[in-house]
Every structure is written in C-alpha cells, then in structure tokens.
Amino acid sequence: MFNYLEENNFNNLCEIEKNDIYDFINSIDYASQTVSKLKFVLREFFNIMSLKHLSNFDGDSLFPIIFTNKRNRIMSYYSPDEIKILIDNINTDFKCGIRDKCMIVLLAQTGLRASDVVWLRFDEINWDKQVISKRQIKTNQPVIVPFTNQARYLLIDYIKNHRKSSDNKFIFINSTTLQPFKSASVLTGICRKNFIKAEINIINRKAGCHSLRHSLATNLIKENTPMPVITGILGHKSVETTERYISIDIEGLRQVSLEVPYA
C-alpha cells in the first residue's frame, strides 16, 4: 500500500482519505480471500492510526463490514476478441503509451505475472530465439516463454525511441524518476484503466494482470494445447496448479471430460 501511495504522490499519511484506500483496493488484482485479509489488516491499522490522531478516520468506518467468500475461486476470463480490443485501443500517442502497451501485450501473450513484466531485465531477453528466460519473482522457479513479433517490435520501439536514457538493468522504468517501479500493482492500474477506455464490459469481472494470465491459459485449453505445455508457459510446479486457471471454462471442460476414458 505504501508503494502505491508514494507513486500517487502522498507524502503524509494524514493526507489520506477513505477514497484513496478504496482506489488502492480497486487497483490490486488479488483473489477475494486475499483482498478480505488485506481489508482486515487495513481496518486494524487505521484504528491504531486514529487512536494516535494520525488519521482523519478509523478502520471501523473505513470497512464497517468485510465480506469473505471462501468458495469464490472462479477467475475472470476475457475472450481473444476482447483482449484484441483491449490492445488495439491503447493510446500510443500518450506519453507512456508504447511502454504501457508493451507491458500489456507481454502479459496477455506470454502469461507472465505482473511482477515478472514490471521488473523484466535486459539480460532475460534472448532476441535471437525470441524468448524470455528468467526466474519468476513469486516462486523463484525458472520459466522460458516465447514472445510474438508484436511484442518484439513494441519492445524495440520502446527501448530505442521512448525509454529515456538510463543505465538501469530493468527495461520498464518510471518516465519521471527513470527508476524501476516500486510496486507491480502499478501495472494492474494500467490494465484496468485501459480495459475501461476500451469500453470492455468488466462488470462482475476483475480487470487486471491476473485476468490476462488466466484468460491466456483458458484460451490455450480451448485450442487443445496439452496441459503440460500450459503448465510450462505459466511456470507452475504442477499440472494441478494449472487446472484452477481453467476452472471457468465450463463448456470446454465438459467437452474434454467426454474424451477421457474410464479406467
């Protein structure tokens, strides 16, 4: 949260209003259980802040009721057509448009997590083989994923024409500070903003980085891509972990189940 506030130019906790916290919650793309836990922590935090006269509101008024749904494991899905609309509508005339489009294309087409895109290093790209090879930040597991010509051209355009001069090892940098981003949540905000600008229906769906990752996995299943291949692309340790990424594709799962012979 503090990285988010700093990136949005908050210098004093006393300046924070309730809507700023709500905006932060909306900017993250976590599972509902994780969001609920975060709300409980923030409620306790602001109760303490209020007692010390360091906040204009307390935690109980910030989150009077916190809903938890332990069964809510269904993940948001976007069709290939919706993802194409998202990418095509990113305004590259905007100051950071090429950078933002490049990051979103990598998310949508490689299945990398937000942290692995935001903190992507130059030495992790093999231009000849057109693959990204790195250790995932979340799991420390190695992953090798190919990237498309579209991603390649965007990367080259950004690096050569739009990335301000910097010796930083990370490809994507803050255009003002010329430093790497302090939090991967900045990319979730960028995704959500562009989903809305593209006028894609996000009602009852998350519109962040994880949604693009889940959608890629589901679309690969619909294309009959073998599960071990998808597991490798997503960098999962096991096929079982990958299976939850396709839990939303009910129609596809029904068809696949008909093809599985009884033991």
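Starting from 1, each residue takes its place in the sequence as its number. All figures in this text were calculated on a predicted structure; none of them were measured in a lab.
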Report, one line per pair, each donor and acceptor closer than 3.5 Å where one atom sits in a side chain of residues 93-101; sequence neighbours left out.
unit_1 : atom_1 : unit_2 : atom_2 : d
R99    : NH1    : I173   : O      : 3.3

Determine yes or no for a side-chain-to-main-chain donor-acceptor pair under 3.5 angstrom, with R163 supplying the side chain and I171 the backbone.
yes
Do the side chain of K39 and the main chain of F63 share a donor and acceptor less than 3.5 angstrom apart?
no
F45 side, atom CZ; S55 side, atom OG - distance, nearest 0.5 Å:
8.0 Å
Hydrogens and angles aside, do S61 and D58 bring a side-chain donor and acceptor to less than 3.5 Å of each other?
yes
Would you confirm whether Y77, through its side chain, and R205, through its main-chain N or O, come within 3.5 Å as a donor-acceptor pair?
no
Can any side-chain N or O of D116 pair as donor or acceptor with the backbone N or O of I137 at less than 3.5 Å?
yes
dist L106:CG -> T148:OG1 (nearest 0.5 Å) comes out at 8.0 Å
Under 3.5 Å, is there a donor-acceptor pair between the side chain of S50 and the main chain of F46?
no
Counting only N and O atoms by type, is there a donor-acceptor contact under 3.5 Å from the side chain of Q150 to the main-chain atoms of V105?
no
From CA spacing to verdict: ring pair (Phe, Tyr, Trp, His ring centres under 6.0 Å), F181, F170:
CA-CA 9 Å; F181 294 104; F170 296 103; over 10 Å; no
Donor-acceptor pair, S79 side chain versus E82 backbone, under 3.5 Å?
yes
Between N149 and Q130, do the side chains contain an N or O donor and an N or O acceptor separated by less than 3.5 Å?
yes
Separation of I190 CD1 from F195 CZ (nearest 0.5 Å):
13.0 Å
CG (L212) and CD (Q109) are apart, to the nearest 0.5 Å, by 10.5 Å
The remaining residues in the hydrophobic cluster of I144, counting side-chain heavy-atom contacts under 4.5 Å among Ile, Leu, Val, Met, Phe, Trp and Tyr, are V131
Between OH of Y22 and CG of L62, what distance do you get to the nearest 0.5 Å?
4.5 Å
